[in-house]
Visitor: 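Take a look at this one; I'll ask things after.
Everything numeric in this text was worked out from a predicted model, so none of it was measured.
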Amino acid sequence: MHALRLALTDPRFDACAVTGALAVQPGARDALDKAAVATGADADAAPYADRLAAAVEAAGTSVQRPELGTLVATVPAGPGERDAATAAVAAVDDEAVRLRTAVKSRDGFFTTFFISPYSRYIARWCARRGLTPNQVTTASLITALIAAGCAATGERWGYVAAGVLLLVSFVLDCTDGQLARYSLQYSTMGAWLDATFDRAKEYSFYAGLALGAARNGDDVWALATGAMILMTCRHVVDFSFNEANHDATANTSPTAALSDKLDSVGWTVWVRRMIILPIGERWAMIAVLTALTTPRIVFYALLVGCAFGALYTTAGRVLRSLTRKATRTDRAAQALADLADSGPLAELQARLLRGRAGSFGSVYVAALGAALMIGAAVWLPFGDPRLIAVAVIYVMASGLAVAAPLKGALDWLIPPLFRAAEYVTVLVLAAKADVPGALPAAFGLIAAVAYHHYDTVYRIRGGTGAPPHWLVRTIGGHEGRVLLITALAAVLASREADFPVALTATAVFVALVVLVESIRFWVSSGAPAVHDEGEPA
């Protein structure tokens, strides 16, 4: 029965088939009609559904053929084969297969051994009571927000309650995906909620910890913002590398070969998954440290652990990129350009240089521009007019970096370099303003911009492309926002108390524009029905 569920009820694919069964969504209906005309009835040939599936695939429509494992899907040709097939079906524990495959195949150590052994049964309980994955996702968000509220009290009981509730929220976070896989309830809304709520929960908890610390006289907003920046930049590295290489041709690398060899040694797989501090290990660490220590210690541990994980993964990917012989596609280059988030200023610069930018190393120009911008923000006094000149240089470097197609071996580093330059510049200027409200406002602005960048990633992953270009132009692109913030710092240098107001207004504007467009897209009929089966975030 579950073999038929996999073939007939999965909405993520235009066409899906197992032996003896074919199902198509509206996107593949034309291909099915043509295949039906071309495929005649023949009692002696393969099953009709199989021939239809082959014809649909031959016409250019991808047909998803789910891995069946121990499940059975066959069309017996006679009594003997029917008896054998019936016996094979009877030998399969269909429910055990559903429970086992409800768990994501590439989860982290903590999730695999401390959450999934029982959360899958919670997922089954939810399915039998008609609950949907979206309802469980929403419950997870509400639980995390209550946890953040408890942390914001600044009391020890609040920290203990926050730690417990954060773990409960994570259990529900695992349950929603397992419920979707168990009952094959994938949806466009679910894709959006699942993709964005994890970040909303984590960053809300950071804010709760910062508020709780402030009640006790300890200002950790800079640490909270730094942790958010580090996490977002690390994810952009993951997204950019995967987009640049998932359809690369002639993709060989000694580093990748070594990784494949290590995969055959079981314990190394779990060690390498744990040291990058994926979401399960990260949330467990945050929950335990919140209950037992202080917000400052929580953020110190987060920064150290995530920095190590980011360095480990980035170094490995740089080595793979330098040693592999790969040819990037136009689609990959366009995805990297979309992830770069270039606004009208960089676009103008790129347009002027297009056709003459091939001799420049795009990633090195981006790295130099980012280093200059961050260095100037750190070393120059707050409001120094020279910072605007550096921001103009950064704008020019940003345009130069994306003037040529991003097909270089390390061009996938350009989006995370731009993210680091923008986020760190905002954080440093807010810290140097040294006025109440500046760092919380910077936290809000970076969170709003980060949401836009995550939204871009998940649209590209779903195959629908980046957000409309008017959106990127309206919010200025990364280089436009950097120039704006540095200009605001210079203009308001003599009235530093107004700088948090300017940051807050910018954050509200970006958040409103981005959220309205994002919600419009993800509830529309054109949104992709995807479900994240990739590496743990």
Side-chain angles (χ1 to χ4, degrees), residues 144-145 147-156 158-159 162-163 166 199-234 282-283 285-287 289-290 293-307 374 377-378 381-383 419-451 453 481-482 485-486 488-489 492-493 495-511:
L145 293 178
C150 291
T153 64
E155 302 287 342
R156 176 50 52 192
Y159 290 145
L166 191 64
R199 302 289 81 79
K201 289 180 285 189
E202 189 167 1
Y203 299 159
S204 295
F205 196 80
Y206 291 176
L209 285 174
L211 289 170
R215 286 180 177 270
N216 295 312
D218 189 11
D219 187 352
V220 297
W221 277 106
L223 295 177
T225 307
M228 181 170 62
I229 290 172
L230 182 57
M231 191 60 55
T232 304
C233 289
R234 172 183 154 182
R282 192 166 68 249
W283 281 29
M285 182 185 75
I286 294 171
L289 291 180
T290 297
T293 64
T294 65
R296 182 171 289 272
I297 293 176
V298 173
F299 286 124
Y300 282 153
L302 262 177
L303 288 168
V304 171
C306 292
I374 294 173
V378 170
F382 178 80
R419 298 298 80 76
E422 179 183 0
Y423 298 163
V424 174
T425 297
V426 174
L427 170 59
V428 171
L429 291 179
K432 284 194 168 186
D434 197 23
V435 293
L439 283 169
F443 184 96
L445 175 57
I446 294 171
V449 175
Y451 176 85
H453 292 143
R481 290 188 296 270
V482 167
I485 298 304
T486 54
L488 287 172
L492 301 174
R495 294 178 291 141
E496 292 180 350
D498 291 337
F499 188 59
V501 178
L503 287 179
T504 302
T506 306
V508 170
F509 174 76
V510 172

Visitor: Holding to ring pair (Phe, Tyr, Trp, His ring centres under 6.0 Å), I want the full list of residues that pass it with F205, two or more places apart in sequence or in another chain.
Guide: none
Visitor: Please list, chain by chain and in numerical order, all residues satisfying ring pair (Phe, Tyr, Trp, His ring centres under 6.0 Å) with Y159, sequence neighbours excluded.
Guide: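 Here no residue qualifies.
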Visitor: Indicate the ring-plane relationship of H453 and Y423, choosing parallel, tilted or perpendicular according to the 30° and 60° boundaries.
Guide: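 H453 and Y423: tilted rings.
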Visitor: Do L166 and T290 come within less than 4.5 Å of each other through their side chains, counting heavy atoms only?
Guide: no
Visitor: Which pair of non-hydrogen atoms, one from V426 and one from A442, has the smallest distance, and what is that distance?
Guide: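 Looks like CG1-CB, 3.9 Å.
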Visitor: Looking at every non-hydrogen atom in both residues, tell me the closest pair between P436 and P500 and how far apart they are.
Guide: O-CG, 3.7 Å
Visitor: Got R419 and T232 here, is their nearest side-chain heavy-atom distance under 4.5 Å?
Guide: no
Visitor: For a side chain to side chain contact (heavy atoms under 4.5 Å, CB included) check, start with the C-alpha distance between T425 and T486, then their side-chain angles and the critical distance, and finish with the verdict.
Guide: CA-CA 8 Å; T425 297; T486 54; 4.2 Å; yes
Visitor: I'd like to know if the side chain of T153 reaches the main chain of C150, judged simply by a donor and an acceptor atom lying under 3.5 Å from each other, with no hydrogens or angles considered.
Guide: yes
Visitor: Walk me through whether F382 and F499 qualify under ring-ring contact (aromatic ring centres under 6.0 Å, His included).
Guide: CA-CA 11 Å; F382 178 80; F499 188 59; 5.1 Å; yes
Visitor: Measure across C306 and L230 and return the closest heavy-atom pair with its distance rounded to 0.1 Å.
Guide: CB-CD2, 3.6 Å
Visitor: Find out whether L303 and L223 are in side-chain contact, i.e. whether some heavy atom of one side chain is under 4.5 Å from a heavy atom of the other.
Guide: yes
Visitor: Compare every heavy atom of A447 with every heavy atom of M228, then report the nearest pair and how far apart it is.
Guide: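 Where M228 meets A447 most closely, the heavy atoms are CE-N, 3.8 Å.
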Visitor: Identify, with sequence neighbours excluded, every residue that meets salt bridge (Lys or Arg N to Asp or Glu O under 4.0 Å) alongside D219.
Guide: none
Visitor: Just by modelled atom types, is the L492 backbone N or O under 3.5 Å from a matching donor or acceptor in the D498 side chain?
Guide: no
Visitor: Please report the shortest heavy-atom distance between A507 and A448, naming the atom on each side.
Guide: O-CB, 3.9 Å
Visitor: Taking the side chain as C-beta and beyond, is there a heavy-atom pair between L439 and L427 under 4.5 Å?
Guide: yes
Visitor: How long is the straight-line distance from OH of Y300 back to OG1 of T294, given to the nearest 0.5 Å?
Guide: 9.0 Å
Visitor: Walk me through it: do L488 and T506 pass the test side chain to side chain contact (heavy atoms under 4.5 Å, CB included)?
Guide: CA-CA 11 Å; L488 287 172; T506 306; 4.2 Å; yes
Visitor: A433 and E496: which non-hydrogen atoms are nearest, and at how many Å?
Guide: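 Scanning both residues completely, I find the closest heavy atoms to be O-OE1, 3.1 Å.
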Visitor: Answer whether the closest heavy-atom distance between the side chains of L302 and M285 falls below 4.5 Å.
Guide: yes
Visitor: One pair to check against side chain to side chain contact (heavy atoms under 4.5 Å, CB included): V424 and I229. What are the steps and the verdict?
Guide: CA-CA 7 Å; V424 174; I229 290 172; 4.2 Å; yes
Visitor: Answer yes if the ring centres of F443 and Y203 are under 6.0 angstrom apart, and no otherwise.
Guide: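 Ring-ring flag for F443/Y203: false, centres at least 6.0 Å apart.
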Visitor: Does CZ belonging to R215 count more than 12 external heavy atoms closer than 6.0 Å?
Guide: no
Visitor: What's the separation between atom CD1 in I286 and atom CG in L209, rounded to the nearest 0.5 Å?
Guide: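 The CD1 atom of I286 sits 8.0 Å away from the CG atom of L209.
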Visitor: Stepwise, does the side chain to side chain contact (heavy atoms under 4.5 Å, CB included) test hold for W221 with L211?
Guide: CA-CA 8 Å; W221 277 106; L211 289 170; 3.8 Å; yes
